[in-house]
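One structure is given below, encoded as structure tokens.
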Amino acid sequence: MNTTPEQIAALAEELVDLLGARGVTTELRGREKASLDGAKMSPILAAQLPLGLADIVAFPANAEQIAETVAAAVRHGVPVTPRGKGTGNYGQAIPMQGGLVLDMSKARAVVEVGDGYLVAEAGTPLVIMEQAAREAGQQVLMYPSTAQSSIGGFLSGGSGGTGSIKHGSNMSGAYVRALDVVYASPVAELVHVEGDEAQPYVHTYGTAGIIARATIALEPIQEWVGFYASFPTFEQATSVIRQVGWLEPTPRLVSADLPTIANALPADPAIPKDRASLRAILDPASVAAATALVEGAGGRVEEVREGPQATVKISMLSYNHPIEWLQKSVPDETWFHVEVSGASLVERLDEVHEVYPGALLHIEAQRDHPIGMLAAPFVSPEEVYAGFDRLTAIGVGFHSPHQWYVDHMVERVRELASRTDPDGLLNPGKIPSGDTVPTGVKWA
């Protein structure tokens, strides 16, 4: 798909009229900034960067302007790549074929908070939504580890996060109540979908419809505390991580790290050096039971901290974040990681670490089975992919973060996009073609 300078110039003129001069840019610096996400975390993807460069960037301020901006791009035949905060790690927000990057970070209003639901524009950070919910005596069901991520980005490219022990992924159906989406239409329109009809647009990177506004479920507010414990060995920490995750009331988050990874985390007296670290977001009613589990396994409770800031800090040390800190702490070593899942992460821990030379596991509790990030020094893409069969052999599910393709219900996405985006203008390059298979998806 080749976009001409004339198409971009005509689109820019129309968008300036719509959004104002500060709502559009064609300057190189702005285009470069809008054309990157967290894909550099993968050495396989990093070796291919840059994978695309925007020709123009637009900053709509609300859902209606999102629809009008997309419609203008469609009329000029310019591809559109949606972007939230750019915190995704898989290249989902990189404009593979140039064109328009639709930066929704200015569309950040909480529109309504009702009994059991919240409505927000696509660019609204989850931390702002959580605050608005708390002011109404409620809380969001879950939020991504990067709490500043936008709701549109979380729904389009994310899957779980803090609170997912109880509520599962954002694709489960319990999280999203309704969406206002934008198709690749020359006429500006917000298409409202609810319940099951909203699910096909979740975790599809905007390829079948761009999320402009979201209605998510809320639940009654709980108080939470940040719980820090440490152990002489990682085996001791993993021996109780599932039991802590099964406590009632259900924790929002439970994660643990080897001493090597814990040493790489930001300095904190509650994360002592050279000891395995376990961190959790608990209901205060669960602290006594968690303490008993930790001490029974030979560990000690380092600190229990109160307040929203304390719990958000623990969220920011979960999922991909410990691996990012590991990468920063050993700059002479190139690390890769693979998302992993299954009881074998605990029951066959030594074998998990043997899958890749020098491997280190970050582990988290989930309701059915643990999940985690397995990091190791990078040798080659072939060695990374070869490890997938070794993981399967020991009962570990995995997902490869070294690809930018949609990998959830691909046939459904492809069929939907054929109707909502017949010319392939929405985030092109992200739906696998008939002869392209996403590399490495086999969840436990």
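The residues of the chain are indexed from 1 along the displayed sequence. All values below come from the heavy atoms of this structure, side chains included, with hydrogens, waters and symmetry mates left out.
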Examine distances only and state if a side-chain atom of Ser277 and a backbone atom of Asp257 form a donor-acceptor pair shorter than 3.5 Å. no
Hey, could you give me the CD1/OG distance between Ile281 and Ser286, rounded to the nearest 0.5 Å? 12.5 Å
Minimum-distance pair of heavy atoms, taken over all atoms of Ile165 and Gly245: CG2-O, 3.7 Å
Backbone N/O of Leu426 and side chain of Asp421: donor-acceptor pair under 3.5 Å: yes
Are the side chains of Leu416 and Thr204 in contact, using a 4.5 Å heavy-atom criterion? no
Applying salt bridge (Lys or Arg N to Asp or Glu O under 4.0 Å) to Arg177 and not counting sequence neighbours gives none
Looking only at the side chains, is there a donor atom on one of Thr81 and Arg83 sitting less than 3.5 Å from an acceptor on the other? no
What residues, two or more places apart in sequence or in another chain, satisfy side-chain hydrogen bond (donor to acceptor under 3.5 Å, both in side chains) together with Thr87? Ser149
Heavy atoms, side chains only, cut-off 4.5 Å: are Val74 and Ser185 in contact? no
For residues 9-19, please give each side-chain donor-acceptor pair under 3.5 Å, one per line with the distance, not counting sequence neighbours.
from	atom 1	to	atom 2	distance (Å)
Glu14	OE1	His76	NE2	2.9
Glu14	OE2	Arg75	NH2	2.2

Quick one: do Trp325 and Ile261 satisfy side chain to side chain contact (heavy atoms under 4.5 Å, CB included)? Show the steps, please. CA-CA 8 Å; Trp325 284 106; Ile261 297 180; over 6 Å; no
Walk me through whether Leu218 and Val113 qualify under side chain to side chain contact (heavy atoms under 4.5 Å, CB included). CA-CA 9 Å; Leu218 303 180; Val113 180; 4.0 Å; yes
Full working for side chain to side chain contact (heavy atoms under 4.5 Å, CB included) between Ser164 and Gln366: CA-CA 7 Å; Ser164 61; Gln366 284 290 289; 3.1 Å; yes
To the nearest 0.5 Å, atom OH of Tyr183 lies from atom CG of Leu425 at 15.5 Å
Contacts of Glu219 that satisfy salt bridge (Lys or Arg N to Asp or Glu O under 4.0 Å) - sequence neighbours left out: Lys166
Side chain to side chain, Met409 and Met171, heavy atoms closer than 4.5 Å: no
Looking at every heavy atom in both Gly226 and Ile314, which two are closest together, and how far apart are they? CA-CD1, 3.4 Å
Can you list the residues that meet the side-chain hydrogen bond (donor to acceptor under 3.5 Å, both in side chains) rule with Arg419, with sequence neighbours excluded? Glu415
Looking only at atom types and distance, does a side-chain atom of Thr3 sit under 3.5 Å from a main-chain N or O of Gly99, one as donor and one as acceptor? no
Result block: side-chain N/O donor-acceptor pairs under 3.5 angstrom for residues 154-162, not counting sequence neighbours:
from	atom 1	to	atom 2	distance (Å)
Ser156	OG	Gly152	O	2.9
Thr162	OG1	Ser315	OG	2.8

Any donor-acceptor N/O pair, Tyr175 side chain to Met142 backbone, under 3.5 Å: yes
I'd like to know if Glu324 and Lys40 make a salt bridge, using a cut-off of under 4.0 Å between side-chain N and carboxylate O. no
On a heavy-atom basis, which atom in Arg108 and which in Ser105 lie closest, and how many Å separate them? CD-O, 3.4 Å
From Leu317 atom CG to Arg279 atom CZ, the distance as rounded to the nearest 0.5 Å: 5.5 Å
Check ring pair (Phe, Tyr, Trp, His ring centres under 6.0 Å) between Tyr356 and all other residues, then give those that pass, not counting sequence neighbours. Phe336
Apply the test side chain to side chain contact (heavy atoms under 4.5 Å, CB included) to residues Met104 and Leu102: give CA-CA distance (whole Å), side-chain angles for both, the deciding distance (0.1 Å), then the verdict. CA-CA 6 Å; Met104 292 181 275; Leu102 185 72; 4.1 Å; yes
Does a side chain donor of either His362 or Glu364 reach within less than 3.5 Å of an acceptor in the other side chain? yes
Please enumerate all residues that pass ring pair (Phe, Tyr, Trp, His ring centres under 6.0 Å) together with Tyr205, with sequence neighbours excluded. His203
For Glu351, the salt bridge (Lys or Arg N to Asp or Glu O under 4.0 Å) test, sequence neighbours excluded, returns Arg348
Rounded at 0.5 Å granularity, tell me how far CG in Asp103 sits from OG1 in Thr69. 11.0 Å
Flag the pair Leu247 / Val244 as yes when at least one side-chain heavy-atom distance between them is below 4.5 Å, and no otherwise. yes
Minimum heavy-atom distance between Ser150 and Ala122, given as atom pair plus value: CB-O, 3.4 Å
Glu248/Arg367 salt bridge by N-O under 4.0 Å criterion: yes
Within the structure provided, determine whether Asp55 and Thr26 are in side-chain contact (heavy-atom separation under 4.5 Å). no
Taking the basic N atoms (NZ, or NE/NH1/NH2) and the acidic carboxylate oxygens, is any pair closer than 4.0 Å for Glu112 and Arg213? no
Please tell me if the side chains of Asn320 and Met373 come closer than 4.5 Å, counting only heavy atoms from C-beta onward. yes
Would you compute the distance between atom OG1 of Thr215 and atom CG of Leu179 and round it to the nearest 0.5 angstrom? 7.5 Å
Glu306 atom CD: more than 12 heavy-atom contacts under 6.0 Å: no
Over 12 foreign heavy atoms within 6.0 Å of NZ, Lys106: yes
Under the rule for side-chain hydrogen bond (donor to acceptor under 3.5 Å, both in side chains), what residues qualify as partners of Ser42, not counting sequence neighbours? His402
What are the two closest non-hydrogen atoms of Ile241 and Val346, and how far apart are they? CG2-CG2, 4.2 Å
Heavy atoms, side chains only, cut-off 4.5 Å: are His337 and Leu326 in contact? no
Looking at Arg252 and Trp224, would you say the former's side chain and the latter's main chain have a donor-acceptor pair under 3.5 Å? no
Can you sort out the partners of Tyr143 under ring pair (Phe, Tyr, Trp, His ring centres under 6.0 Å), two or more places apart, ordered by chain and number? none
Working to the nearest 0.5 Å, report the span between CD1 of Ile211 and CD1 of Ile66. 10.5 Å
Do Gln92 side-chain atoms and Tyr90 backbone N/O form a donor-acceptor pair below 3.5 Å? yes
I'd like to check the salt bridge (Lys or Arg N to Asp or Glu O under 4.0 Å) partners of Lys85; sequence neighbours left out, ordered by chain and number. none
Could you tell me whether the side chain of Gln65 and the main chain of Ala61 form a donor-acceptor pair under 3.5 Å? yes
Just by distance, no angles: are the side chains of Tyr319 and Glu339 close enough, under 3.5 Å, to form a donor-acceptor pair? no
Is it the case that the side chain of Glu194 and the backbone of Ala178 share a donor-acceptor pair, with hydrogens and angles ignored and the cut-off at 3.5 Å? no
For the pair Glu121 (side chain) and Ala109 (backbone), establish whether a donor and an acceptor sit closer than 3.5 Å, ignoring hydrogens and angles. no
Within the side chain of Arg414, is there an N or O that forms a donor-acceptor pair under 3.5 Å with the backbone of Pro432? yes
Closest non-hydrogen atom pair, Gly209 against Tyr201: CA-CD2, 4.2 Å
